[in-house]
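Only one structure is covered here, and it is reproduced in the block below.
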Protein chains: 2
Amino acid sequence: MAEPVVAPGRPRGGRRDEILATFTRHVAERGYDRANFGDVATELGMSKGTIVHHFGTKDRMLAEVQERYMGRRLEEAHAFLARLPAPEQRLAAFVHAGVRYSTLEPATTVAFQREVVRLTHEPGMETARAQRDAYRDLVVAVLREGQEAGVFVPGDARLRSLQMFGSLHWMWTWFDPQGRLPPEDVAAEFCRTLLRGLGTPDELAAVAADPHGPVATCVAEIVDQRATR
Amino acid sequence: MAEPVVAPGRPRGGRRDEILATFTRHVAERGYDRANFGDVATELGMSKGTIVHHFGTKDRMLAEVQERYMGRRLEEAHAFLARLPAPEQRLAAFVHAGVRYSTLEPATTVAFQREVVRLTHEPGMETARAQRDAYRDLVVAVLREGQEAGVFVPGDARLRSLQMFGSLHWMWTWFDPQGRLPPEDVAAEFCRTLLRGLGTPDELAAVAADPHGPVATCVAEIVDQRATR
DNA sequence: CTACTCTGCCCGTACGTGCGGTCAGTTTTC
DNA sequence: GAAAACTGACCGCACGTACGGGCAGAGTAG
């Protein structure tokens, strides 16, 4: 029934976080359907029952992964939006952040991206879905701001947000965090093409896309800080 | 119950194609892991054994779905590349075609896009993977041509192809073929943003993106013809 | 024409396995 | 000592697929 509620006077999570992390990695590697309690338990040297004890059902475990992920991303987004005023900088920040997450927390990111679809229709995913929608709305708002400010060409903001999210969410199928291709290069190239595509003047776009520019730096500070705390 | 029909004169495949189509739809709706022989058999009013008789294993059935899909896409691609000389037209054609397929054969397209990842590592998928790589190489080649012709700004062609494929392959998560949003609008918006992002002069981009322009028309003819034969 | 055989679909069942989840009980922690 | 953490045995079920056989039509011999 009602889940463990953390525990009183207990160091945050303990074994629980460990389980969630391992489960997340398995989801990232094999997908939700092929990830199973047995393998996770074996890898952590514990019993299947322990996992059930902590999370109840597999569905709930996935829901928690998604909610934590989206929770962090929303916090970050609000943080860099507060620091970056210009629409083209804000949009670039979303791209830099999206790419950075792929290397900083590859497992969580891939797990999320593989299984996003589930939060559209699956029951028990309402919270995560609401978070996802809120995140997307932030991007749409930025796109509209940009159009009103004349820094983006007029067009369908929602469609553009989907075009952008597609590029980022698809990364899990080809991007290798251990590979030769630096994530900053990916972010920079994506930013350049996207901003130019939206009609942003070259000078502004160049600054926003620059891997060592103010936007990328700002995002890096925020994201890295949250990840290591 | 009497739906099989099949008709005299022996249509190619007979029941076999029917099985494959139903299986494809199930994969599109639930994903490969949750699609199963039992449901397909029940829906077609046949036994599970029949499916096994025709395809052997589930893996092989998926492989055949992917191979057929990529086979058709490759044929189409070669067809419109032969008719369209300019790089910006060729690139736009890939976008128009990608979107058009989502409405013309939604099940096959979604099934493919959901399960593309499998053809990277899964054994038995070598053929489909080779086809996929060939298709991607066609796009990369067009991007390079465009740079040499000065119609695209210099940059990483492979990265750009991935950015573009991301937008298209992600469509299955949000695009509804039955919905209000016309696919031509999606294609046009994607083309505009992409081509502008690559630095294509506005006049050329406008023609290539136009849903009633020569590129979209050419693609429509080729794709529709193949689908209905 | 008849009878026989061969062959490609197709059926129904049964089996093995993997997995999510239960439960009763033990150990650990505060 | 109460609550939480953990265990290991167990259940039920869903699913892939192996298997043995049925049936209808085509080819063939008499």
Side-chain angles (χ1 to χ4, degrees), chain A residues 1-27 29-65 115 118 122-125, chain B residues 1-27 29-65 115 118 122-125:
Chain A
M1 42 180 298
E3 73 263 43
V5 200
V6 182
R10 197 124 177 53
R12 170 92 179 115
R15 217 65 192 273
R16 197 170 189 275
D17 283 1
E18 221 174 329
I19 296 171
L20 206 59
T22 305
F23 174 72
T24 302
R25 215 187 58 247
H26 283 220
V27 171
E29 287 166 2
R30 313 172 206 179
Y32 175 75
D33 287 321
R34 292 183 123 78
N36 60 307
F37 289 174
D39 289 349
V40 173
T42 305
E43 188 175 319
L44 291 171
M46 64 175 63
S47 159
K48 261 199 325 181
T50 306
I51 300 181
V52 178
H53 167 72
H54 281 292
F55 296 93
T57 69
K58 201 182 166 188
D59 305 348
R60 272 237 48 81
M61 213 180 335
L62 181 66
E64 194 164 329
V65 171
E115 308 297 339
R118 296 189 189 269
E122 224 104 328
M125 293 289 207
Chain B
M1 214 51 51
E3 38 65 54
V5 187
V6 180
R10 267 303 147 69
R12 8 163 300 150
R15 223 69 192 275
R16 206 184 126 94
D17 283 2
E18 224 174 328
I19 295 170
L20 206 59
T22 306
F23 174 72
T24 303
R25 217 187 56 246
H26 284 218
V27 171
E29 287 166 3
R30 314 174 204 176
Y32 174 75
D33 288 320
R34 293 183 121 80
N36 61 304
F37 288 178
D39 289 349
V40 173
T42 305
E43 188 175 319
L44 290 173
M46 64 174 63
S47 159
K48 276 203 293 184
T50 306
I51 301 180
V52 177
H53 165 74
H54 281 292
F55 296 94
T57 70
K58 201 180 166 188
D59 306 349
R60 229 186 308 279
M61 210 176 346
L62 181 66
E64 193 165 329
V65 171
E115 309 297 339
R118 296 189 189 268
E122 224 104 328
M125 293 288 205

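Worth saying up front: this structure is predicted, and the values here are computed from it rather than measured. Residue numbers start from 1 in every chain, and the chains themselves are labelled A, B, ... in the order their sequence lines are given, proteins ahead of strands.
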If only side-chain N and O atoms of A:H54 are considered, is one of them under 4.0 Å from the OP1 or OP2 phosphate oxygen of D:dC6?
yes
Report the distance from atom CD1 of B:I51 to atom C1' of D:dA18, rounded to the nearest whole Å.
15 Å
Donor-acceptor pair, side chain of B:E115 and main chain of B:Y32, under 3.5 angstrom:
yes
Given D:dG16, C:dC11, C:dG20, identify the nucleotide with an atom nearest to the side chain of B:K58.
D:dG16
Looking at the side chain of B:N36, which of D:dC6, C:dC11, D:dC15 is the nearest nucleotide?
D:dC15
Round to a whole Å and report the spacing from CZ of B:F55 to C1' of D:dC15.
18 Å
Are OP1 or OP2 of D:dC6 and a side-chain N or O of A:H53 less than 4.0 angstrom apart?
no
Taking the minimum atom-to-atom distance to the side chain of B:K48, which one of C:dG20, C:dG12, D:dG16 wins?
D:dG16
To the nearest Å, how far apart are B:F23 CZ and D:dG16 C1'?
12 Å
Restricting to non-hydrogen atoms, name the atom on B:A41 and the atom on B:S47 that form the minimum distance, rounded to 0.1 Å.
CB-C, 3.8 Å
Under 4.0 Å between a side-chain nitrogen and a carboxylate oxygen: does that hold for B:R34 and B:D39?
no
Taking any heavy-atom pair under 4.0 Å as a contact, classify A:F37: base, sugar-phosphate, or nothing.
sugar-phosphate
Look at all strands and tell whether B:G49 reaches a base, only sugar-phosphate, or nothing, counting heavy atoms closer than 4.0 Å.
base
How would you label the contact of B:A35 with the nucleic acid (heavy atoms, under 4.0 Å): base, sugar-phosphate, or nothing?
sugar-phosphate
Please give, in whole Å, the distance from C:dG21 P to A:L62 CG?
12 Å
Gap between atoms CG and C1', on A:L44 and D:dA5 respectively (whole Å):
14 Å
To the nearest Å, how far apart are B:D39 CG and D:dG16 C1'?
13 Å
A:Y32 has an atom OH; how far is it from atom P of C:dC19, in whole Å?
13 Å
Of the non-hydrogen atoms in A:F37 and A:M61, which two are nearest, and what is the gap between them?
CE2-CE, 3.1 Å
Look at the side-chain N and O atoms of B:T50 and state whether any lies under 4.0 Å from the OP1 or OP2 oxygen of C:dC9.
no
Closest contact, heavy atoms only, B:I19 versus B:F55
CG2-CE1, 3.6 Å
For atom CE of B:M61 and atom P of D:dG16, their distance in whole Å
8 Å
